[in-house]
Amino acid sequence: MSARPDWNTAPIRCGRSKCKWRGYEGDLVPERRERWTKNVCPECGCDEYMFMTVGEIKAWERKKAKDAKQ
C-alpha cells in the first residue's frame, strides 16, 4: 500500500463518474452536515474523490494550458 501524498499536492477528480471536475483537495468546498463539516465537489456536491492517474493528469494539464491560451 502506498502512502497518501501531502495535503493539496496531488491532483484529484470527483468520485462521481459523470462529473468532470478536476482540482486539488484544497479546492473542495466545505459543506455543513448535521454536526460536522464535509468537503464536497464544487460542481456536483459529491463527497468522494479519487487521485488522478498519470494519464488523467497529463490530459488535465493539456486542457488547462489550452484554456489559458483562449
Side-chain angles (χ1 to χ4, degrees):
M1 185 166 163
S2 62
R4 285 184 74 142
D6 291 336
W7 170 259
N8 210 26
T9 60
I12 60 170
R13 63 182 175 90
C14 181
R16 186 172 286 156
S17 61
K18 293 189 181 215
C19 182
K20 301 297 181 192
W21 181 83
R22 306 288 189 265
Y24 296 96
E25 291 168 311
D27 299 333
L28 296 172
V29 178
E31 179 181 280
R32 184 97 172 122
R33 304 238 176 132
E34 295 182 25
R35 296 181 183 201
W36 69 91
T37 301
K38 184 90 173 172
N39 290 331
V40 299
C41 172
E43 287 196 22
C44 72
C46 178
D47 63 356
E48 297 178 9
Y49 65 87
M50 293 182 252
F51 292 102
M52 285 193 250
T53 64
V54 174
E56 289 174 320
I57 293 170
K58 288 179 183 177
W60 181 53
E61 289 171 345
R62 282 192 306 266
K63 185 180 182 311
K64 287 193 312 184
K66 179 183 173 186
D67 291 347
K69 288 182 182 178
Q70 294 178 352

- Option among Lys64, Lys69, Lys63 that satisfies the side-chain hydrogen bond (donor to acceptor under 3.5 Å, both in side chains) test with Asp67: Lys63

- Residues that Ala10 engages under side chain to side chain contact (heavy atoms under 4.5 Å, CB included), provided they are two or more places apart: Pro5, Phe51

- Excluding sequence neighbours, so at least two apart, what forms side chain to side chain contact (heavy atoms under 4.5 Å, CB included) with Arg62? Lys58, Ala59

- Message: Please report the interatomic distance CD(Glu61) to CE(Met52), rounded to the nearest 0.5 Å.
- Response: 8.5 Å

- Query: Got Ile12 and Asp27 here, is their nearest side-chain heavy-atom distance under 4.5 Å?
  - Reply: no

- Task: Apply ring pair (Phe, Tyr, Trp, His ring centres under 6.0 Å) to Trp21 and list each qualifying residue two or more places apart in sequence or on a separate chain.
- Result: none

- Could you give all pairs that pass the salt bridge (charged side-chain N to carboxylate O under 4.0 Å, His left out) test and reach residues 5-21, with sequence neighbours left out? Arg13-Glu56

- Item | Ser17: side chain to side chain contact (heavy atoms under 4.5 Å, CB included) partners, not counting sequence neighbours | none

- Task: Go through the structure and list residues passing salt bridge (charged side-chain N to carboxylate O under 4.0 Å, His left out) with Lys38, not counting sequence neighbours.
- Result: none

Expected list for residues 40-50: side-chain donor-acceptor pairs under 3.5 angstrom, two or more places apart:
| unit_1 | atom_1 | unit_2 | atom_2 | d |
| --- | --- | --- | --- | --- |
| Asp47 | OD2 | Arg33 | NH1 | 3.1 |
| Tyr49 | OH | Arg4 | NH2 | 2.8 |
| Tyr49 | OH | Glu25 | OE2 | 2.4 |

- Item | Heavy-atom pair with the smallest gap, counting every atom of Tyr24 and Pro11 | CE2-N, 3.8 Å

